[in-house]
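Below is one structure, written out as structure tokens; the observations come after it.
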Amino acid sequence: SAQTPTRSKNAEDIIKGNAIVVFSKSWCPYCVLAKEIFSKRNLKHLAVELDLVENGADLQASLYATTGQKTVPNIFINQKHVGGYDELSQIAESGTLEDLCQGRSMEFEFDLIVIGGGSGGLAAAKEAATLGKKVALCDFVVPTPWGTKWGLGGTCVNVGCIPKKLMHRAASIRQDLNDADDFGWQGKSSESVHAWETLVGRIQGHVKSLNFGYRISLSETGVRYFNSFATFVDKHTIKLVKGAEELQATARNFIVAVGCRPKYPSVEGARELCITSDDLFSMRTPPGRTLVIGGSYVALECAGFLVGLGFDVVVMVRSVLLRGFDRQMVDRIETHMTAYGVKFVKNCTISSIKKSEKLNGIMVEGENKGKKVFSQAFDTVLLAIGRVPNTEKLNLEPIGVRLNDETKKITVSPDDRTSVSNIFAIGDVADGVPELTPVAIQAGKFLVRRLYNFKTELVNYDFIPTTVFTPSEYACVGYSEDDAIRELGEGNVEVYHQEFKCLESVLNSSSKFHPKNYAKYITRKFDGKEVVIGAHIIAPNAGEIIQGFALAIKLGATKSDFDSLIGIHPTVAEVFTTLEISKSSGKSAAAAGC
Ligand code: FAD
Ligand code: NDP
């Protein structure tokens, strides 16, 4: 309930006589917003409209003299100068405005505490500290059942993207070694033997250097680092535990960026006998005969590089490969991987895992609709059946943070806010968000800029490119052909495609390492144009190629834009500038020449 006096006392008396005062100007949009913040919360405030009261100019001059602030709104709560609209909205965002107005102490140790030192958490903490905020970050890795643990940096750095891509690279070197003879290299390059221990040692060395770099960059930006496990006590307090050490810390705002960990099936022995991607990249001994269970990113990428490194690999899949991806591309990936040496067992779920002294390994049985269909011994069983969010031990629900009942991820609004207004969630732990490193990083940066740097931009989750690092990489952005037809109707969709062989492999005789490549884009026929709404490619370095085209597609490029783009010859990427064969024409898109 705002009041506007026609005559006013001096500024000091007004401030002393009223709990909440907004010195305002009736035409100022920020003043309107500031007053709305109080009104919406039923907080009784006095609005002094400096352009309407007789002594407005004098009041403004005296406010400038005492606060150094020339602008309006100029806000006071319980005789304390708060600042302008931005300061007020930050307090309101953090959920502490009511407490402040009621005179409760609002002194926190930190402006922001980030829980989780992975891709999203590190980006957010560093950004906030750079903006002058007092920030703490806590990160703690609970060891796997095999005792594997790691340093600061989260999944991507320690047990995800980085070691995975290095193993993918190690496997692709085998392809180069195999090709070398055909390019005139002499010697026994194709008979080279791989030393797993050397690769793991080098990868772990690199990972440790990244862990160290993150610690340094936190300290350089002034972020206080706690290598402790965090649990909420209330909406402004967390408990930090490391071994016998326990302490508490308070903050105005929290960002939860605790990520996910691999899921275990409810089969006896799974935790004791199986490993996950959390263990694989630091295994000191070679994995040997490996069963990979799962059919998505992690399963296919690991199966691919393990075969490339020379191991026997079986992949047990309960349903389809790469659910949610373009089916035609997935079928090609399956064909390529099978030719490469991966054995797929489809429609099969694990029913028993036992150590077998006789077979010197782990005996695994699988079933389909209750019928035993699989039985084989392995040296290593790698579970890749998805990931569960690290929300169980955070004490979120008791303090009011809502979780999705099914996924147990944190429910967030488009501005990353949870159901408790000063607690935010980003990255893999946020419900409905793609589990990808660049997504977590951008969410962290944008959130902090909205909180502390007056920006308003939200993360746009459309047209996020991705790559599955299978032996022949599959990269895509936007719609799959199946989704486009389902959503827009077959008559509104056209697909242009081409199978091709890349020049790098034309001298090579082994098709095992050089399958046919394939590219397509999907267009939406609209207003006499064909807007490209999805692009897919299976080719060497497909990820590098799709990254650039993703921008064009995000900006609304049409088929004629792609056609008018002059390619770089001879490259793989140029295929997107020359796609002529439409699926509706029925013409063959089989590979023909360079
Ligand atoms: P995380 O990086 O998982 O970080 C969360 C951190 O919080 C962890 O260090 C965790 O230990 C810590 N933590 C948890 N609970 C607490 C607590 N209570 N207190 C303190 N600390 C806590 N993405 C890509 O974009 N490209 C890829 O090629 C790619 N490859 C991948 C390969 C594998 C094998 C896996 C598993 C994932 C891969 N990803 C990839 C996904 C990517 O790693 C994740 O999307 C990204 O790491 C998510 O970042 P985050 O900040 O949300 O969480
Ligand atoms: P996903 O959630 O993507 O897939 C889980 C897979 O396991 C599916 O094939 C699923 O089959 C199967 N599955 C689930 N439960 C069971 C079960 N009980 N028994 C047998 N199979 C089961 O998990 P991932 O771990 O592969 O990847 C997690 C996320 O990490 C990805 O979604 C991706 O965002 C990210 N990531 C990104 C990478 C990249 O960018 N290159 C690489 C690796 C990970 P079904 O389809 O039947 O449900």
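Every number for a ligand or one of its atoms is a count from 1 in the order of the listing.
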Distance-only polar pair, side chains of Thr470 and Tyr340, donor-acceptor under 3.5 Å: no

Of Asp428, Ile426, Ile464, the residue whose pairing with Val439 passes side-chain contact (heavy atoms from CB on, under 4.5 Å): Ile464

Those residues that, when tested against Tyr518, pass ring-ring contact (aromatic ring centres under 6.0 Å, His included) (two or more places apart): His497

Distance in Å, Arg417 CZ paired with Asn253 CG, rounded so as to fall on 0.5 Å steps: 8.0 Å

N/O separation below 3.5 Å, Pro434 to ligand 2: no

Ligand 1-proximal atoms of Phe469, by part, heavy-atom distance under 4.0 Å: side chain

Gly295 N/O to ligand 2 N/O under 3.5 Å: yes

Minimum-distance protein heavy atom relative to atom 36 (N) of ligand 2: Tyr297 CG, 3.9 Å

Contact atoms of ligand 1, heavy-atom distance to Gly117 under 4.0 Å: 6 (C), 7 (O)

Lys/Arg N to Asp/Glu carboxylate O, Glu365 vs Lys372, below 4.0 Å: yes

Closest approach of any protein heavy atom to atom 40 (O) of ligand 2, naming residue and atom: Leu436 CD2, 3.3 Å

Within-shell test, Thr231 vs ligand 1, heavy atom, strictly < 4.0 Å: no

contact_flag Ala384 ligand 2 heavy-atom lt 4.0 Å: yes

For Val141, atoms of ligand 1 separated by under 4.0 Å from a heavy atom: 11 (O)

Test of ring centre spacing under 6.0 Å for Phe378 and Phe311: no

Worked check of side-chain hydrogen bond (donor to acceptor under 3.5 Å, both in side chains) between Asn395 and Thr231: CA-CA 6 Å; Asn395 199 35; Thr231 314; over 6 Å; no

Polar proximity ligand 2 side, Glu301 side, N/O cut 3.5 Å exclusive: yes

Minimum non-hydrogen distance to atom 26 (N) of ligand 1, winning option of Cys161, Cys302, Gly259: Cys161

Donor-acceptor side-chain pairing of Tyr479 and Glu487 below 3.5 angstrom: yes

Ring-face cation of Arg252 near Phe108 (centre distance under 6.0 Å, axis angle within 45°): no

For ligand 2, the portion of Ile350 having any non-hydrogen atom under 4.0 Å away: neither

Geometric class of the Phe281/Phe305 ring pair [parallel <30°, tilted 30-60°, perpendicular >60°]: tilted

Non-hydrogen atom of Arg261 closer than 4.0 Å to ligand 1: no

For ligand 1, the portion of Val429 having any non-hydrogen atom under 4.0 Å away: neither

Proximity of Val159 to ligand 1 by residue part, where a heavy atom lies under 4.0 Å: backbone

Within reach of ligand 1, part of Arg387 (heavy-atom separation under 4.0 Å): side chain

Region of Cys156 that comes within reach of ligand 1 [heavy atoms, distance under 4.0 Å]: both

Per-atom contacts of ligand 2 with Val298, taking only distances under 4.0 Å to non-hydrogen atoms: 24 (P), 25 (O), 26 (O), 27 (O), 43 (C), 44 (C)

Donor-acceptor side-chain pairing of Asp278 and Thr148 below 3.5 angstrom: no

Numbered atoms and elements of ligand 1 in range of Pro438, under 4.0 angstrom, heavy atoms: 25 (O)

Element-labelled atoms of ligand 2 that are located less than 4.0 Å from some non-hydrogen atom of Phe469: 41 (N)

Taking atom 18 (N) of ligand 2 as the reference point, the nearest protein heavy atom with its distance: Arg318 NH1, 3.8 Å

Structural part of Ser228 in contact with ligand 1, heavy atom criterion under 4.0 angstrom: backbone

Results of salt bridge (Lys or Arg N to Asp or Glu O under 4.0 Å) for Lys235 - residues two or more places apart only: none

Aromatic ring pairing His536/Tyr474, orientation class (parallel under 30°, perpendicular over 60°, tilted between): parallel

Least distance between heavy atoms, Gln175 atom then Pro471 atom: NE2-O, 4.1 Å

Ligand 2 versus Glu435: contacting region, heavy-atom distance under 4.0 Å: both

Atoms of ligand 1 close to Ser119 [distance to a heavy atom under 4.0 angstrom, numbered from 1]: 2 (O), 46 (C), 47 (O), 49 (O), 51 (O)

Subset of ligand 2 atoms that lie under 4.0 Å from at least one heavy atom of Lys263: 14 (C), 15 (N)

Which residue and heavy atom of the protein sit nearest atom 46 (O) of ligand 2, plus the separation: Arg323 NE, 2.8 Å

Protein heavy-atom partner closest to atom 4 (O) of ligand 2 - residue, atom, separation in Å: Ser296 CB, 3.1 Å

Closest approach of any protein heavy atom to atom 14 (C) of ligand 2, naming residue and atom: Ile385 O, 3.1 Å

Nearest option to atom 45 (P) of ligand 2, as decided by whichever heavy atom of Ala475, Ser319, Ala270, Gly160 sits closest: Ser319

Verdict with supporting geometry, Leu291 and Gln376, side-chain contact (heavy atoms from CB on, under 4.5 Å): CA-CA 9 Å; Leu291 174 68; Gln376 201 174 323; over 6 Å; no

Any Lys164 heavy atom less than 4.0 Å from ligand 2: yes

Sub-4.0 Å heavy-atom contact, Pro163 with ligand 1: no

Validation row, ring centre Phe254 to ring centre Phe232 under 6.0 Å: yes

Atom 23 (O) of ligand 2 - nearest protein heavy atom and its distance: Gly386 CA, 3.3 Å

Min heavy-atom dist Trp150 to ligand 1 below 4.0 Å: no

Geometric N/O contact Arg387 with ligand 2, under 3.5 angstrom: no

Residue pair Glu334, Thr338: steps toward the side-chain contact (heavy atoms from CB on, under 4.5 Å) verdict: CA-CA 6 Å; Glu334 184 178 350; Thr338 305; 4.1 Å; yes

For atom 30 (N) of ligand 1, the protein heavy atom that lies nearest, with its residue and separation: Lys164 NZ, 3.0 Å

